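In what follows, a structure is listed as structure tokens, so that the remarks can point back to it.
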Number of protein chains: 4
Amino acid sequence: MLEERQRKGGRPRDATRDADILEAARAVLAERGYERTTMAEIAARAGAGKATVYRRWASKAELVIDVLACSGSLAITVDDVPDTGSLRGDLAALRALKSRDESTWRALVGLVSELPHSPELARVVDQRVVGPRVALIRGLLERARDRGELLPGVNVDLLSRVPSSMIAYRLLVTHEPLDPEFLRSLSEDIVVPLATGRPRD
Amino acid sequence: MLEERQRKGGRPRDATRDADILEAARAVLAERGYERTTMAEIAARAGAGKATVYRRWASKAELVIDVLACSGSLAITVDDVPDTGSLRGDLAALRALKSRDESTWRALVGLVSELPHSPELARVVDQRVVGPRVALIRGLLERARDRGELLPGVNVDLLSRVPSSMIAYRLLVTHEPLDPEFLRSLSEDIVVPLATGRPRD
Amino acid sequence: MLEERQRKGGRPRDATRDADILEAARAVLAERGYERTTMAEIAARAGAGKATVYRRWASKAELVIDVLACSGSLAITVDDVPDTGSLRGDLAALRALKSRDESTWRALVGLVSELPHSPELARVVDQRVVGPRVALIRGLLERARDRGELLPGVNVDLLSRVPSSMIAYRLLVTHEPLDPEFLRSLSEDIVVPLATGRPRD
Amino acid sequence: MLEERQRKGGRPRDATRDADILEAARAVLAERGYERTTMAEIAARAGAGKATVYRRWASKAELVIDVLACSGSLAITVDDVPDTGSLRGDLAALRALKSRDESTWRALVGLVSELPHSPELARVVDQRVVGPRVALIRGLLERARDRGELLPGVNVDLLSRVPSSMIAYRLLVTHEPLDPEFLRSLSEDIVVPLATGRPRD
DNA sequence: TGCTAAGCGAGACGGTACGTCGCGTCTTCGG
DNA sequence: CCGAAGACGCGACGTACCGTCTCGCTTAGCA
């Protein structure tokens, strides 16, 4: 979101508009997808003028970034996941916890094509969309290490990126649903065995 | 690519235009990315008219699909990878073989946003872009099974999708380069341990 | 209107679109006036896209200029006015002849504010709107001179601009109608006495 | 200008802002013309907020009206013109007296396009801009009638509108300057001969 | 003196038109 | 009938301006 100018005077930004616009953007994105989403419709649905939207976000791409960044599931941190005593249990708890994440990822669609042209945008996506998700898995892995569950020599860096990658690929490229069986396999056939060396039962 | 109409007469299509247009499309995509690529520029750079392009491909998206599908690395099949006697060796051989794949994936970028709106397109991407890549890894895994390398209970379906997912995520979302270290880690820290249970040395 | 590029190839401009767009523009201008006329409505009413309009005219102002320039009454020249044997008679004949000129002048409204900023536009208005009207009166005055009706020392230059000025002022500034009594007074109380020295009967 | 509300209390309007705003408006109008003049720039140049402007004038059009109405030359009445004993002399005296009128008329420019949509505005222009100018000439003509200079049957109504019309036309439509030669011709080749029957020397 | 209502500069707000640009189709010409 | 060129209908983009509203501050005039 655009930085507010150093407030010297004048009417302050109406903070409620931010939320209204983001909510409208989320709704339109979910209904229409990135390409078919128009700034005019977002503004109209938020009961806002286009200028009010562009005062806050420099482009459609940046607005969508913020839709992603403000997405509910991103607020989850490792502290929100109860410690069940095992990595497998923690991952199951996370699955139970995780709000539906699909719309967030789907909104990322098409945005992707703007990233190579805007280092700024790419940085924001990395920090606000990718970062929190990777950090969450990394946190669970480190919790497992503290328990002594982790095999020596596990590449935590790489492993913590696997779930995000697989989910993104599924939603962006192959458009398969995020069914529970897939999510469970991801944990139990990939993450747990790699981290702990214990194959699936 | 569109089927040629049942030839009744008149001037036959100039087959050389296909290659010129694909090459121009690849160049523009590499320079500008999907969104900033215009059909007019592709046509101009190929010295062709827009109608000539649309006579062969129904849309920008389908043209880009073909750019991806004709990309060198996609032609690689399991038979092109020499049997080195171990999964680890086979994967190393594949890495040695694999032409630079980056531009292909990068071209997939903004295409992604069209997929949810076009099942047809999604099908084509699945068959011509995703399919060959997954099949290649799956082939190597099955070769390993034939050797008796594979652990029982390995989820081959899921595992064969991991490398594509990780590579796509890296290129599309985080825009990190496909450096050799990353590709080696992918094989040796993820695929080999999961498939064979042998941790990295 | 914008010059067409030196035709090398490609689809030629569809000449019928010009007329459709001009007609639509005239209609919208008459209904709404300059300020409330939008290019989008003109295009829609002409069954055209905005790009087609802007391919021909660089701005709303230039389009309106052409609406004025193509206006019917401008086609009248001194040769269209029958020689009645006297200036007074000729002016009466002109009044009988003159198609309703109001909408043309009314369209000029608001355009006026663009003139100081565009010498090009001002030149076009001068040549295509003002010029023909002044030339018509001048022609009748010269016909009168040939007859020997004209007083010596009459400022033909200035006098030939009086009717246009008075009509424009009335329509643009005071918005009184061009009733026949006004037009007759213009001829008989101003032009004829000044030119011939003969007061109204 | 808007009426001040019936004062009940609170801070009174700062009367100095009126003049500052009018002056700023005059300057911007002269520089940019009506269309390119924005209320924001007027306010900024006057060191005022937009609300302060709109508290005094209901719209851009009304503000411009007042710029015109407060223009110096409008304050001239027939009593300011010395009685020289002849219409020709009086008109010459008026020309000597008349402050540069150009910027006033130029400001009227694009205002014109608002008039047909606002009877209220049109009334104000008529009373405050057109009226005083026409009344001034009419006053001089009536002074001439009192002297017995006027021909019988002269259409004073129409004649008194001729100078305003010619000046407006010149400034608004053809954008020629108000050079002294033009103004003298207007008096001596048009008004004096028509009113008194005496041709130019 | 301190209270209060309104004015003040600043600028955000909802709206709406502008002129540009890209897509995918259609239309001309020459080969 | 193909192929180059490019005009066509459509519609989103991001900008600019209008006239209104809201913020925190200032400034009379009444108590």
Side-chain angles (χ1 to χ4, degrees), chain A residues 4-5 7-14 17 35-41 43-44 46-60, chain B residues 5 7-14 17 35-41 43-44 46-55 57-61, chain C residues 4-5 7-14 17 35-41 43-44 46-60, chain D residues 4-5 7-14 17 35-41 43-44 46-61:
Chain A
E4 191 160 353
R5 58 166 56 231
R7 304 293 340 294
K8 283 181 301 195
R11 177 175 176 177
R13 295 258 175 95
D14 179 348
R17 313 314 292 119
E35 297 283 353
R36 286 168 173 73
T37 292
T38 72
M39 295 299 261
E41 180 171 5
K50 278 171 55 177
T52 299
V53 179
Y54 279 103
R55 203 173 287 120
R56 290 165 160 74
W57 293 277
S59 67
K60 178 174 158 180
Chain B
R5 56 158 62 221
R7 309 293 341 292
K8 280 182 299 192
R11 177 173 172 179
R13 286 218 186 136
D14 179 349
R17 312 313 294 121
E35 296 283 356
R36 286 170 172 74
T37 292
T38 72
M39 294 301 260
E41 182 172 4
K50 281 169 59 180
T52 301
V53 179
Y54 278 102
R55 205 171 284 121
W57 292 276
S59 68
K60 177 175 162 180
Chain C
E4 191 161 354
R5 58 164 57 233
R7 303 296 339 295
K8 283 181 300 193
R11 178 175 177 177
R13 295 257 174 93
D14 180 348
R17 313 314 293 120
E35 297 283 355
R36 287 171 173 73
T37 292
T38 73
M39 295 299 261
E41 180 171 6
K50 281 171 54 179
T52 299
V53 179
Y54 279 102
R55 203 173 286 121
R56 290 165 160 75
W57 292 276
S59 68
K60 179 173 159 182
Chain D
E4 190 161 355
R5 58 161 59 226
R7 304 292 344 294
K8 283 183 297 195
R11 179 176 172 177
R13 290 229 184 122
D14 179 348
R17 312 314 291 122
E35 298 281 357
R36 286 170 173 73
T37 292
T38 72
M39 295 300 262
E41 182 172 5
K50 282 171 57 179
T52 301
V53 179
Y54 278 102
R55 204 172 287 119
R56 291 164 160 77
W57 293 276
S59 67
K60 177 175 161 180

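Note that this is a predicted model, so its numbers are computed, not measured. All chains are named by letter (A, B, ...) in the order of the sequence lines, taking the proteins before the strands, and each is independently numbered beginning at 1.
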Could you check how far [atom1] of [X] sits from [atom2] of [N], rounded to whole Å?
X       : N      : atom1 : atom2 : result
C/Arg56 : F/dG9  : CZ    : C1'   : 12 Å
B/Arg36 : E/dG22 : CZ    : P     : 11 Å
B/Trp57 : E/dT25 : CH2   : P     : 15 Å
D/Arg55 : F/dC21 : CZ    : P     : 12 Å

- Between C/Arg13 and E/dT27, is there a side-chain N or O to OP1/OP2 distance below 4.0 Å? no
- Message: Distance check, rounded to the nearest 0.5 Å: A/Asp14 atom CG versus A/Arg56 atom CZ?
- Response: 6.5 Å
- Item | Shortest non-hydrogen separation from B/Thr37 to B/Lys60 and the atoms involved | O-NZ, 2.8 Å
- Item | Atom of A/Val53, atom of A/Met39 and distance for their closest heavy-atom approach | CG1-CE, 3.7 Å
- Query: Counting N and O atoms only, with roles assigned by atom type, does the side chain of D/Arg13 sit under 3.5 Å from a partner on the main chain of D/Thr52, one being a donor and the other an acceptor?
  - Reply: no
- Message: I'd like to know if D/Arg11 reaches the base of F/dA28 with its side chain such that a donor and an acceptor end up less than 3.5 angstrom apart.
- Response: no
- Give the B/S/- string for nucleotides 10-16 of chain F, one per nucleotide from 5' to 3', where a protein heavy atom under 4.0 Å of the base yields B, of only the sugar-phosphate yields S, and otherwise -. B-BSBB-
